[in-house]
2 protein chains.
Amino acid sequence: MRIGELAELAGTSTRTLRYYESRGLLSSTRAPNGYRTYDEDDLRLLRQIRTLQDFGFELEETRPFVECLRAGHPAGDACPASLAVYRRKLAELDGLIGRLADVRDQVARQLADAERAAGPEAVPRCESTP
Amino acid sequence: MRIGELAELAGTSTRTLRYYESRGLLSSTRAPNGYRTYDEDDLRLLRQIRTLQDFGFELEETRPFVECLRAGHPAGDACPASLAVYRRKLAELDGLIGRLADVRDQVARQLADAERAAGPEAVPRCESTP
DNA sequence: CTATTCCCTGACGCGGGCGTCAAGGCAAGG
DNA sequence: CCTTGCCTTGACGCCCGCGTCAGGGAATAG
């Protein structure tokens, strides 16, 4: 298949596919006229990349998964390097979520304090003053 | 005080202060030699900005707080516009944390599945095989 | 006088993942 | 032949909060 079809199948753009190729993540054979040609394996590879991207993985972090698939494994996460990325990402996410939760609570407290200071009359709880 | 001193007091850089000024967030008077001059009010204003920045607020989102302080209020969050930003940010944080938690769980599941598929022998639970 | 240390403005760089335009080639239909 | 629609490479733009360099002036100590 050609680049436009692959892009549509993966729900992305041709620009993105060329970008992945420039990063060495996606490969393509060329038709005599210079057009990129892809097969089902490329689609699976691309889907793997997109899934991880949707998880918030950086492109570089998808590389072990890609290489794992290229090595012939049925799943991109069948290799130790991919598992290592999973684990790093889990730790990263836990840290990030924890920090965000802290921030959330601090903001909530700031808001509550500021609302109290501003006077409770400005914060109608229900239809108490119709 | 001059820009270097203010920067150090606020734990930031002179570049940052000039940047804030270019964004219209921080103001300064000028000494006859052209040097920026600041007072305690500017320091408080700057601290307000930095606190919000540390929370992950974008610079533009600190503007209501800055204007509130400039209007003479003792706290930057004493104005309705600031409270509105707090509320938006809370909702944003809740949404983000929720999505990240979802991703975290999906990654954890992927990891667990991949570990099972790879074979449990590669995942020593304790010192079971010394 | 010089050396040091502050300060000034202006401008480019960076990271990440593309979007988007430019300028053209190739294939197929009418 | 022309048009349409796909494809090619190359290159600039964007976001955002600065870092960092270039090329100067100003104040102070020795």
Side-chain angles (χ1 to χ4, degrees), chain A residues 1-39 42-43 45-66 85 88-89 92-93 96 99 103, chain B residues 1-39 42-43 45-63 65-66 85 88-89 92 96 100 103:
Chain A
M1 72 184 73
R2 292 182 306 183
I3 195 170
E5 192 180 347
L6 180 60
E8 195 163 3
L9 283 175
T12 182
S13 70
T14 60
R15 175 70 180 91
T16 295
L17 303 194
R18 294 195 191 96
Y19 178 64
Y20 289 174
E21 184 171 330
S22 80
R23 300 282 101 192
L25 287 170
L26 196 61
S27 58
S28 63
T29 58
R30 296 300 180 110
N33 59 11
Y35 287 12
R36 289 173 177 83
T37 307
Y38 303 93
D39 59 18
D42 296 318
L43 176 58
L45 216 146
L46 178 53
R47 283 203 211 276
Q48 172 76 79
I49 297 175
R50 295 307 304 180
T51 299
L52 297 176
Q53 280 278 88
D54 289 346
F55 282 172
F57 285 45
E58 293 179 9
L59 264 187
E60 271 313 306
E61 297 178 317
T62 71
R63 195 175 296 275
F65 296 81
V66 167
V85 173
R88 273 200 301 110
K89 216 60 192 173
E92 236 178 71
L93 281 166
L96 178 57
R99 283 194 302 273
V103 166
Chain B
M1 74 183 75
R2 293 183 305 183
I3 196 171
E5 192 179 349
L6 180 60
E8 195 163 4
L9 283 176
T12 183
S13 70
T14 60
R15 175 70 179 89
T16 295
L17 303 194
R18 294 195 191 97
Y19 178 64
Y20 290 172
E21 183 171 330
S22 79
R23 300 282 99 193
L25 287 170
L26 195 60
S27 57
S28 64
T29 59
R30 296 297 180 113
N33 58 12
Y35 288 10
R36 289 173 178 83
T37 307
Y38 302 93
D39 59 20
D42 296 318
L43 176 57
L45 216 145
L46 179 53
R47 284 202 211 277
Q48 172 77 79
I49 297 176
R50 294 307 304 179
T51 299
L52 297 177
Q53 280 277 89
D54 289 347
F55 282 172
F57 284 47
E58 293 179 11
L59 263 187
E60 270 314 305
E61 296 178 317
T62 72
R63 195 175 296 275
F65 296 81
V66 167
V85 174
R88 272 199 303 109
K89 215 59 191 174
E92 236 177 71
L96 179 57
L100 287 178
V103 167

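Chain identifiers are assigned alphabetically (A, B, ...) following the order of the sequence lines, protein sequences preceding nucleic acid strands; residue numbering begins at 1 within each chain.
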* Between B:E60 and B:P32, which is nearer to the 5' end of DNA chain D once each is assigned its nearest nucleotide? -> B:E60

* Structure fact -> All heavy atoms of B:E21 vs all of B:S28, minimum pair found to be OE1-OG, 3.1 Å

* Asked: In Å and rounded to the nearest 0.5 Å, what is the OG1 to CD distance from A:T16 to A:Q53?
  -> 9.0 Å

* To do: Using whole Å, report how far CZ of B:F55 lies from C1' of D:dG17.
  => 19 Å

* Structure fact -> Note: A:G24 and A:R63 closest approach over all heavy atoms is O-NH1, 3.7 Å

* Structure fact -> Between CD of B:E5 and C1' of C:dC7 the distance, given in whole Å, is 14 Å

* Determine: side-chain N/O of B:R30 to OP1/OP2 of D:dA26, distance under 4.0 Å, yes or no. => no

* Asked: Atom CD1 of A:I3 to atom C1' of C:dG25: distance rounded to whole Å?
  -> 16 Å

* Can you sort out which residues in residues 14-24 of chain B have a heavy atom within less than 4.0 Å of DNA chain C? Ascending by number, please. => B:R15, B:R18

* **Least distance between heavy atoms, A:I3 atom then A:R18 atom** => CD1-CG, 3.6 Å

* May I ask you to verify if any side-chain N or O of B:Q53 is less than 4.0 angstrom from the OP1 or OP2 atom of D:dC18? => yes

* To do: Verify side-chain contact (heavy atoms from CB on, under 4.5 Å) between B:Q48 and B:L52, making sure each step is shown before the conclusion.
  => CA-CA 6 Å; B:Q48 172 77 79; B:L52 297 177; 3.5 Å; yes

* Please report the closest heavy-atom contact between A:L26 and A:D42, naming both atoms and the distance. => CD1-O, 3.9 Å

* To do: Would you kindly give the CZ-to-C1' distance between A:F57 and C:dG15, to the nearest whole Å?
  => 20 Å

* Asked: B:M1 CE to C:dC6 C1': how many Å, rounded?
  -> 16 Å

* What's the CG-C1' distance between B:L52 and D:dG17, to the nearest Å? -> 15 Å

* What is the distance from CZ of B:R2 to P of C:dC6, rounded to the nearest Å? -> 8 Å

* **Under-4.0 Å side-chain N/O to phosphate OP1/OP2 contact, A:N33 with D:dT8** => no

* With the side chain of A:Y35 defined as its heavy atoms from C-beta on, choose the nearest nucleotide among C:dG17, D:dC6, D:dC16. => D:dC6

* Asked: Side-chain N or O of A:R36 less than 4.0 angstrom from OP1 or OP2 on D:dC6?
  -> no

* Asked: What is the distance from OH of B:Y38 to C1' of C:dC7, rounded to the nearest Å?
  -> 11 Å

* **salt bridge (Lys or Arg N to Asp or Glu O under 4.0 Å) between B:K89 and B:E92, worked out** => CA-CA 5 Å; B:K89 215 59 191 174; B:E92 236 177 71; 2.9 Å; yes

* To do: Kindly say if B:S13 contacts the phosphate of D:dC18, meaning a side-chain N or O under 4.0 Å from OP1 or OP2.
  => no

